[in-house]
S.K.: 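What follows is a structure written as structure tokens; I'll ask about it next.
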Amino acid sequence: MSSSPTRKRPRSSGDQTDGPTTSSVARLRAASRQTYLRSREAQQLARLGQELQDERALFGEEQLSAREKEDLRRKEERYRLAQARVTLGTEVERNESERYKLPDIDTPLGEERPKTWEDEIARKRYESRPAPGDEMARTDQTEWEALQIKKGKAALEAARGNQLELNTLVGRDGKPLPDVSKLLAASRRSEDGARVHREAEERRRRNMINDRRSLPMFKHREALVDAIKKHQVLVVQSETGSGKTTQIPQYLVEEGFGRIVCTQPRRVAAMSVAARVADEMNVKLGSEVGYSIRFEDCTSDKTVIKYVTDGMLLREFLSQPDLKDYDVIIIDEAHERSMSTDIVMGLVKDIARFRGDDVRVVISSATLNTKKFSNYFDDAPVYTVPGRRFDVDILYTKAPEADYVDACCVTVLQIHAKEPKGDILVFLTGQEEIEAAEEMLKERTRGSGSKIGELIIAPIYATLPSEMQAKIFEPTPEGARKVVLATNIAETSVTIPGIVYVIDPGFCKQNSYNPKTGMESLLVVPVSRAGAKQRSGRAGRTQPGKCFRLYTKWSFLNEMDEDTVPELLRTNLCQVVLLLLSLGIDNLIDFDFLDAPPAEALLRSLEQLYALGALNEEGKLTKVGRRMAELPLDPMMAKALLASEEYGCSEEVIIICAMLSVNNAIFYRPKDKKVIADAARAVFSRGGGGDHMTLLNCFVQWRDYGYSHQWCRENFVQGRTMKRARDIRDQLDGLLDRVEIKRSSVGTGSKVPILKSFTSGFFYNACRLQKNGNYRTMKNPHTIQLHPSSCLARSEIRPRWLIYHELVFTSKEYMRQVFDIEGRWLFEVAPHFYGEEDVEDTSKRKMPKVVGKSGGRS
DNA sequence: GAGCACTGC
């Protein structure tokens, strides 16, 4: 239709600054998708039934392996249950008494309540945590992380093209094999086993040594070590698969360098790389080689190579501003430009000057744009090591695509029909699109099952429960093809084996922060050229691949940004500013950032910190500020926690802070069980107090049930997320002494002190009900909506005053995580911020005036 | 009356 090469899309990056303008095409698309999704829900059950029939018809019982049979049986059971549920359907409320309930655990006073199997599991899990430093310390990680490590190892091997190693991690039946260490333990039971194991172990070691020697990095060993000896700061540029992360630290140790720290942007990477290096060096993980991540320090006095998350290293600056414990600091994956990496680089640049020849710095990046890093570090030399990856054919469309979800499905089907064997990875922006694409693909492959091979559809996004995420790692059966529908989680965080084709529509959801309004926006924007390259690279990990870009080459060259805007330039800086101040960096405007954030964002952060009492009039850190900086929380939450001491409810407040820290991923809401899931959730909201008390009730109930996984399933709560909240709660609990907060609890039924504590931290986020039913913020008057996920969005009564946890612009300007307060609390907790006249109950006096005026307002 | 990319301490 149009000859112009612009692509139709819901919102382009240009719209961001123009405010919430939506093109009519996008509106229509959104509307039709809504309708589609609604009708889809009704079809869901019928489809499951159909699926079962198909499966029975396609593969008779005799062709199935034991595992597939088991799967089928489960599916049938699920179908039976789902059908039974539908007949109950909307009568859930009334039939409450007939539904399955957890056994009553109330017991007479003074009696210990009987141990249920959940308790037993919780206890075992707890007790089985190995001490730090244990071999292959698989400590208190979630299944997801355990899986990730396996995957990380497999990916590492796959990147080296070593099929043998891969097979030792994933068996032929697709089940991940147990750890080497577990195999070892098992085989030790017999003499024979011990011999078999020894031989296998020797073979494995020989292979590993050969592997190390065959890495591209190996040829550069001497030159690289020399360069590091010669130059204080060295930038190493190399593609993934060259072995830089695992090899450089080993080379340095072999050459007699002292203690080495290497940062990683992700926890799992730090753990899996450390495990790999310990294995290669034939030492116990946690001894000479270790890792340190939040909740888990797996290092010892002997540790010479330590892998840490960049956020962790940032925290280390607090206790050791010159990092004198380390002789070499390696900043890996610098090209990702995570917020912590950027700050760490700024601080490392500083200590490099301060410490002089006593420290070595290596910046490691995968992009070609290493010039920037080099310039930043006073023209440090760049050492380039070629990577080892396979060619990827890049294909563009001739004309822009109007509906990229549809275009993705068409491309998938084309690949499936015409291209040789190999799995497909599709990048979409979010859960909604992934679900829509999944449906579309299922619809279109229905009935063609026998003509072309089976198409296995596997979605993956961060909030998908871990059991379902595991599907993407299952090997594709012979004759079938797997298509993975992913968010940008698959760009960096997750590596999926066997991908040969990548489909890239060129969009992703990106968060950006507006310091003026304090609003975050989560909008669909075009990816950068660097992002597109990253995506296409996912096709060439194990063999040559193809990448289908659903946009024109012209768009790629002319419309896309070179690089993704660094995170530091599009986030709320309060926490960063507080950290830098507590490191004694007072003049933030002059701090040497790789890319300096807008001065406005810095000023707004300083203003907020001042309002919270973290700074005094001179902009110097106060005692309150120093205590706040100790807490791994957003300053507002940190303030709420400090205030909780006064209100005698620190126990409750740390729970809520922990629950707020895990991102909106607590309540799971399957499409086909919305009603039940919502009902389960509503129970936690009884007793009022908004979303904050809902979160507290949820956690407390989970705890009362022995942190049971079964309880989570019953209540549509994500166990993985709760586990994380518990870890954060425990960490905060451990920090209470350090920031001198007494443990205190208000017990049940008393919510006012808790809400007042949060008001002390979040008074800036107060808003008031307008006559037209909307809410308007107190500062920077602005009309905002209650997010539909809030428990208050459903209630009949609209509270006069609300405080929100965060403001996010998606389709509208929404406040998320909200609780109701009394206006006078604002004056009570923040008299420096609100006048008495701001918060007095003006309903009687001013109402007529407001009514008269409200017609012409936004 | 209607919705949540991804990390990290």
Side-chain angles (χ1 to χ4, degrees), chain A residues 30-31 33-34 37-38 263-270 292-297 308-318 333 336-344 427-435 460-464 486-494 507-512 520-525 527 531 564 567-568 570-571 575-576 578-579 629-634 637-638 657-658 661-669 671 674 678 718 721 724 727-728 731-732 735 773 785-790 792-796 798 806 808-812 814-817:
Chain A
R33 179 166 311 149
Q34 282 303 313
L37 287 173
R38 266 198 300 279
T263 69
Q264 292 293 314
R266 279 165 294 277
R267 295 161 50 88
V268 180
S292 175
I293 57 179
R294 189 179 186 181
F295 312 130
E296 204 183 326
D297 183 5
V308 298
T309 45
D310 44 20
M312 197 69 194
L313 191 65
L314 206 48
R315 285 273 145 189
E316 281 192 25
F317 278 97
L318 273 178
E333 314 286 351
E336 284 191 30
R337 304 292 312 273
S338 82
M339 187 169 73
S340 312
T341 302
D342 272 16
I343 304 286
V344 165
F427 284 101
L428 294 165
T429 65
Q431 182 179 346
E432 194 193 36
E433 271 180 17
I434 287 172
E435 282 169 356
I460 176 139
Y461 43 88
T463 53
L464 189 74
T487 58
N488 39 5
I489 192 174
E491 239 177 57
T492 50
S493 311
V494 170
F507 296 100
C508 66
K509 268 190 197 170
Q510 196 177 268
N511 198 357
S512 50
E520 284 177 40
S521 39
L522 197 57
L523 300 175
V524 173
V525 298
V527 295
T564 310
E567 193 189 356
L568 193 70
R570 48 185 172 84
T571 38
Q575 216 177 334
V576 168
L578 184 61
L579 186 85
E630 288 289 327
L631 299 163
L633 288 172
D634 178 89
M637 271 200 271
C657 285
S661 299
V662 295
N663 273 334
N664 306 313
I666 291 163
F667 301 104
Y668 177 55
R669 199 167 179 243
K671 293 277 174 192
K674 273 185 194 167
D678 287 348
Q718 290 217 46
T721 316
R724 199 174 151 71
D727 284 338
I728 298 174
Q731 188 192 22
L732 292 176
L735 287 170
Q785 318 280 320
L786 253 172
H787 196 280
S789 68
S790 169
L792 292 172
R794 285 158 162 257
S795 83
E796 302 279 310
R798 300 222 131 187
E806 60 185 354
V808 59
F809 177 73
T810 50
S811 60
K812 283 181 184 169
Y814 285 115
M815 38 183 167
R816 262 200 315 225
Q817 312 285 22

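Residue numbers begin at 1 in each chain, while the letters A, B, ... track the order of the sequences. Note that the coordinates shown come from a computational prediction; the quantities given were computed from them, not determined experimentally.
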S.K.: For B/dC6 and A/Tyr461 - does any side-chain N or O of the residue sit under 4.0 Å from the phosphate oxygens OP1/OP2?
M.R.: no
S.K.: Tell me whether A/Glu520 is salt-bridged to A/Arg816, with the criterion being a basic N under 4.0 Å from an acidic carboxylate O.
M.R.: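 Between A/Arg816 and A/Glu520 there is no salt bridge, as every charged N stays at least 4.0 Å from the carboxylate O atoms.
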S.K.: Applying a 4.0 Å non-hydrogen cut-off, can you work out what A/Ser340 is touching in the nucleic acid: base, sugar-phosphate, or nothing?
M.R.: nothing
S.K.: When we call it a touch if two heavy atoms are under 4.0 Å apart, what does A/Glu491 touch: a base, just sugar-phosphate, or nothing?
M.R.: nothing
S.K.: Nearest whole Å is fine: how far is B/dC9 P from A/Asp634 CG?
M.R.: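 It works out to 16 Å between those atoms.
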S.K.: Counting the atoms with a prime plus P, OP1 and OP2 as sugar-phosphate, which does A/Thr309 contact under 4.0 Å by heavy atoms, base, sugar-phosphate, or nothing?
M.R.: sugar-phosphate
S.K.: In whole angstrom, what separates A/Leu568's CG from B/dG8's P?
M.R.: 18 Å
S.K.: I want to check something: taking the side chain as every heavy atom from C-beta on, are A/Gln431 and A/Thr487 in contact at a cut-off of under 4.5 Å?
M.R.: no
S.K.: Which nucleotide wins on minimum distance to the side chain of A/Ile489, given the candidates B/dT7, B/dG3, B/dC9?
M.R.: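 Minimum distance to the A/Ile489 side chain belongs to B/dT7.
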S.K.: Looking only at side-chain atoms of A/Asn511, point me to the closest of B/dG3, B/dC6, B/dA5.
M.R.: B/dA5
S.K.: Ignoring hydrogens, what is the shortest heavy-atom contact between A/Asp727 and A/Phe295? Give both atom names and the distance.
M.R.: O-CE2, 3.4 Å
S.K.: At less than 4.0 Å, is any side-chain N or O atom of A/Ser811 found next to OP1 or OP2 of B/dG3? Yes or no.
M.R.: yes
S.K.: The side chain of A/Arg267 is closest to which nucleotide in this list: B/dC9, B/dC4, B/dC6?
M.R.: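 Ranking B/dC9, B/dC4, B/dC6 by closest atom to the A/Arg267 side chain puts B/dC9 first.
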S.K.: Any heavy-atom pair between the side chains of A/Val662 and A/Gln718 that's under 4.5 Å?
M.R.: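 They are not in side-chain contact.
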S.K.: Please pick, from B/dC9, B/dA5, B/dG3, the nucleotide with the shortest atom-to-atom distance to any side-chain atom of A/Arg294.
M.R.: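 So the side chain of A/Arg294 is nearest to B/dC9.
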S.K.: Take the protein atom CD of A/Glu567 and the nucleotide atom P of B/dT7, then report the distance between them rounded to whole Å.
M.R.: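 My rounded result for the distance is 12 Å.
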S.K.: Under 4.0 Å: is that the gap between some side-chain N or O of A/Lys812 and OP1 or OP2 of B/dA2?
M.R.: yes
S.K.: Do A/Leu568 and A/Arg337 have side chains that approach each other closer than 4.5 Å (heavy atoms only, starting at C-beta)?
M.R.: no
S.K.: Please classify the nucleic acid contact of A/Leu522 as base, sugar-phosphate, or nothing, using heavy-atom distances under 4.0 Å.
M.R.: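 The residue A/Leu522 makes base contact.
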S.K.: In whole angstrom, give the distance that lies between atom CG of A/Leu579 and atom P of B/dC9.
M.R.: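 Computing the A/Leu579:CG to B/dC9:P distance gives 13 Å.
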S.K.: Expressed in angstrom and rounded to an integer, what is the separation of A/Ile434 atom CD1 from B/dC6 atom P?
M.R.: 8 Å
S.K.: Assess whether one donor atom and one acceptor atom, taken from the side chain of A/Gln731 and the base of B/dC9, lie less than 3.5 Å apart.
M.R.: no
S.K.: When the distance from CG of A/Leu464 to C1' of B/dC4 is rounded to whole Å, what number comes out?
M.R.: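 Those two atoms, CG and C1', are 14 Å apart.
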S.K.: State, yes or no, whether a side-chain contact exists between A/Leu318 and A/Leu579 at a heavy-atom distance under 4.5 Å.
M.R.: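 SC-SC contact between A/Leu318 and A/Leu579 confirmed.
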S.K.: Students often get this wrong, so: under 4.0 angstrom with heavy atoms, is A/Arg816 touching a base, only sugar-phosphate, or nothing?
M.R.: sugar-phosphate
S.K.: Report yes if a donor N or O on one partner sits less than 3.5 Å from an acceptor N or O on the other, where the partners are the side chain of A/Arg266 and the base of B/dG8; otherwise report no.
M.R.: no
S.K.: Nearest to the side chain of A/Pro788 - B/dA5, B/dG3, B/dC9?
M.R.: B/dG3
S.K.: A/Ile293 CD1 to B/dG8 C1': how many Å, rounded?
M.R.: 11 Å
S.K.: Quick one: on DNA chain B, does A/Ser661 or A/Asn488 contact a more 5' nucleotide (nearest heavy atom)?
M.R.: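 In this pair, the answer is A/Asn488.
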S.K.: Start at the 5' end of DNA chain B and walk down; is the nucleotide closest to A/Gly430 or to A/Gln264 reached first?
M.R.: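 Closer to the 5' end of DNA chain B: A/Gly430.
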S.K.: Please give, in whole Å, the distance from B/dC4 C1' to A/Glu435 CD?
M.R.: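 It works out to 12 Å between those atoms.
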